[in-house]
Amino acid sequence: MSAAPESAHLFAAVLARIRAAVAPFVTSEVELSRVVVESPRDPSHGDMATNAAMVLAKAAGRRPRELAEAIAETLRADPAIAKVDVAGPGFINLTLRPQVWGEALRAALEAGSDYGRSDIGKGEPVNVEYVSANPTGPMHVGHCRGAVFGDALANLLAFAGYKVTREYYINDAGAQVEILARSAYLRYREALGEEIGPIPEGLYPGAYLKPVGAALAAEYGHALAAMPETERLRIARETAVGMMMDAIRDDLAALNVHFDVFFSERSLTDGEDRVAAAIEALRRRGKVYEGRLPPPKSGAAEDWEDREQTLFRSTDFGDDVDRPLKKSDGSYTYFASDIAYHKSKVDRGFRHLIDVWGADHGGYVKRMQAAVQALSGGTARLDVKIVQLVRLLRGGEPVKMSKRAGEFVTLREVVDEVGRDAVRFDMLFRKNDAVLDFDLAKAIEASRDNPVFYVQYGHARGQSVFRQARAEFPDLPETPRERVRWLRGAPLERLTDPAELDLMRRIALYPRLVEGAAATHEPHRLAFYLYDLASEFHALWTRGKDLPHLRFIIQNDPETTRARLSLVQGVVQVLASGLALLGVSAPDEM
RNA sequence: GACCCCGUAGCUCAGCCGGAUAGAGCAUCAGCCUUCUAAGCUGAGGGUCGCAGGUUCGAAUCCUGCCGGGGUCGCCA
């Protein structure tokens, strides 16, 4: 960054300089990792500030302010830094030379759609498992948030240099799928003309199984009914699961969500018993034993039966009680299957595991993390992201859903009504672990109230400036890459208005923001950043109304115009990049 | 009974690995349209960061306890 930053990542470049400057005072890497560089809230504190002196003071055995002065002295020699101040308890405030912001913008433009990409993941494999909805019916609106969250997180991680596998766990074993099979078989009889009457209690009543029955009838005619029960239920089950998964895949595609791997629970026990193998592996590590559990503390425990059972020692890893691996009938618990499934992830070489779960599974986090820790000998880490409940509203009023009557709003209905972009952005415009109100009426509103519109409109507005500019400069190219070439050499030092500098700073922040969002597994940060960026752009745009000299296109001043267009291009580019990571389109006009 | 999440302006929410005087939108009030999309923008008022301790140069942020709201618990997936 002597004159021009070698890295497009301005913050990383400055941090590297600070680290170099503090190197003589550092005694351990731990301290160094606490040194951060940030942009201060108060502009009078300069462009960037670091806590280095305060963090290192104790270990260096010097007073913070004194240490700060010493570090400041080194930094003053830096050609990219115009001014260094020591303030408050020991902050080191840096004012960068003005052209640094222009250089950062230039670097952003040259990087194009790769701006913000990083290699903090170092190509390491990371497995992101999300949705994993039971294949017993269509996706409902509750699945949206996890789907969108997982997808955006996977995008972010890939952009941050991880090798991402997007995975869906199909619960195609167990009691629910047996019910599905029976329900499908009933629909098959119905398709053959039999009068089946009301669907019996305990079976799935949904009409969505009628096509499954019809398909079975079309393929097997009356032959299916003549088969032994286990055989015909197997066929009914496989057909039903297959058709449900096709429907789920279609629904997910409507949301622009796609997976690399669909992992079948049944496959764990189909050939060799991999659940048994997983339990055995844990037993070898001394984490499985036969024992008794205390009775449950709450609820109606009338069917509680004190017996010896196979238990996983999850309390060794901070869980409250040890967890059963087998039911009283000898079959595996869901947890046991899940252990085998996560063992598969570890065995496939993943050390970074991320599971996206609904809030109702919150109680399972500890035991699953315990299992992964035990399975991997502590080498793999499982981060479980809980997505909280979504409350579906229309104009502020809750949308009525009656589970008993089988009336639930499907994912497809919501996407069809408000569009994929609104669903995705709104679901991400909130921390994952806080409940979210999703208002169908607001989601399609074209106003500042509606964040997705506001951000997309920022992009469209930027593009419209270029359409307008083409009237003035007929040779202005359309594609981003050629546009950047056309803008090369523009006098960016003419961008001096506070609103322009704000935007340049915001653009320079993008790579750091992406890294942070990826590292903390928090896509919502990106959504908020884009909102802020769009807001600053709208503000600048409108200033041109009052102050014509601030307009992007200046009639007889092609060079200033090129500088301004460079800024607009930066905005457009970052908005497009960020929206793409969130899986939201960036329209050229609205 | 235990565990998880939440508690920040009247409302909805941000607050990055602890940083300097806690931010935005809505709502309220006062303004801005012969001009690149007013589908927008500018400004003002408004907060004991649930409460009480602790950790330290420094706490909305970390720890402990309480209060309030939501969720989960069992060989159900």
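Every chain is numbered from 1, with letters handed out A, B, ... down the list of sequences.
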Interatomic distance at C1', B/A44 relative to B/G65, whole Å: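 That atom pair is separated by 42 Å.
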
For B/U64 versus B/A22, give the span between their P atoms, rounded off to a whole number of Å.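 Comparing P positions in B/U64 and B/A22 gives a spacing of 27 Å.
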
Should we say atom CD of A/E478 is surrounded by more than 12 heavy atoms from elsewhere, each under 6.0 Å from it?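 No, because the 6.0 Å sphere around CD of A/E478 holds 12 heavy atoms or fewer from other groups.
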
For B/A20, is there a stacking contact with A/H45, counting only centres under 5.5 Å and planes under 30°?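 Yes, A/H45 stacks on the base of B/A20, since the ring centres sit under 5.5 Å apart and the planes are within 30°.
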
Does the structure show A/Y457 stacking with B/G40, if we require the centres to be closer than 5.5 Å and the planes to be within less than 30 degrees of parallel?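 A/Y457 ring does not meet the centre or angle cut-off for B/G40; no stack.
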
Base, sugar-phosphate, or nothing for [X], non-hydrogen atoms under 4.0 angstrom?
X      : answer
A/N51  : base
A/A57  : nothing
A/D319 : nothing
A/A517 : nothing
A/F453 : base
A/T520 : sugar-phosphate

So, do A/K327 and A/Q309 sit near enough that their side-chain heavy atoms are less than 4.5 Å apart?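 Counting from C-beta outward, A/K327 and A/Q309 never come under 4.5 Å.
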
Would you mind reading off the distance between A/L540 atom CG and B/C41 atom P, rounded to a whole angstrom?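 Atom CG in A/L540 sits about 12 Å away from atom P in B/C41.
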
Without decimals, in angstroms, what is the distance between A/R543 CZ and B/U42 P?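 Value for this atom pair: 9 Å.
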
Ignoring hydrogens and angles, are the base of [N] and the side chain of [X] linked by a donor-acceptor pair under 3.5 Å?
X      : N     : result
A/N93  : B/A20 : yes
A/T333 : B/C75 : no
A/R551 : B/U35 : yes

Toward the 5' end of RNA chain B, which comes first, A/T50 or A/V435, by nearest nucleotide?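 Mapping each residue to its closest nucleotide by heavy atoms, the 5'-most match is A/V435.
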
Looking at every non-hydrogen atom in both residues, tell me the closest pair between A/V86 and A/R65 and how far apart they are.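 Result for this residue pair: O-NH2, 3.6 Å.
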
Can you find a side chain N or O atom of A/K327 that sits less than 4.0 Å from OP1 or OP2 on B/A77?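 For A/K327, the contact criterion (side-chain N or O under 4.0 Å from OP1 or OP2 of B/A77) is met.
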
Taking side chain to side chain contact (heavy atoms under 4.5 Å, CB included) as the criterion, tell me which of A/V455, A/V452, A/L530 meets it with A/V584.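 Answer to the side chain to side chain contact (heavy atoms under 4.5 Å, CB included) test with A/V584 among A/V455, A/V452, A/L530: A/V452.
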
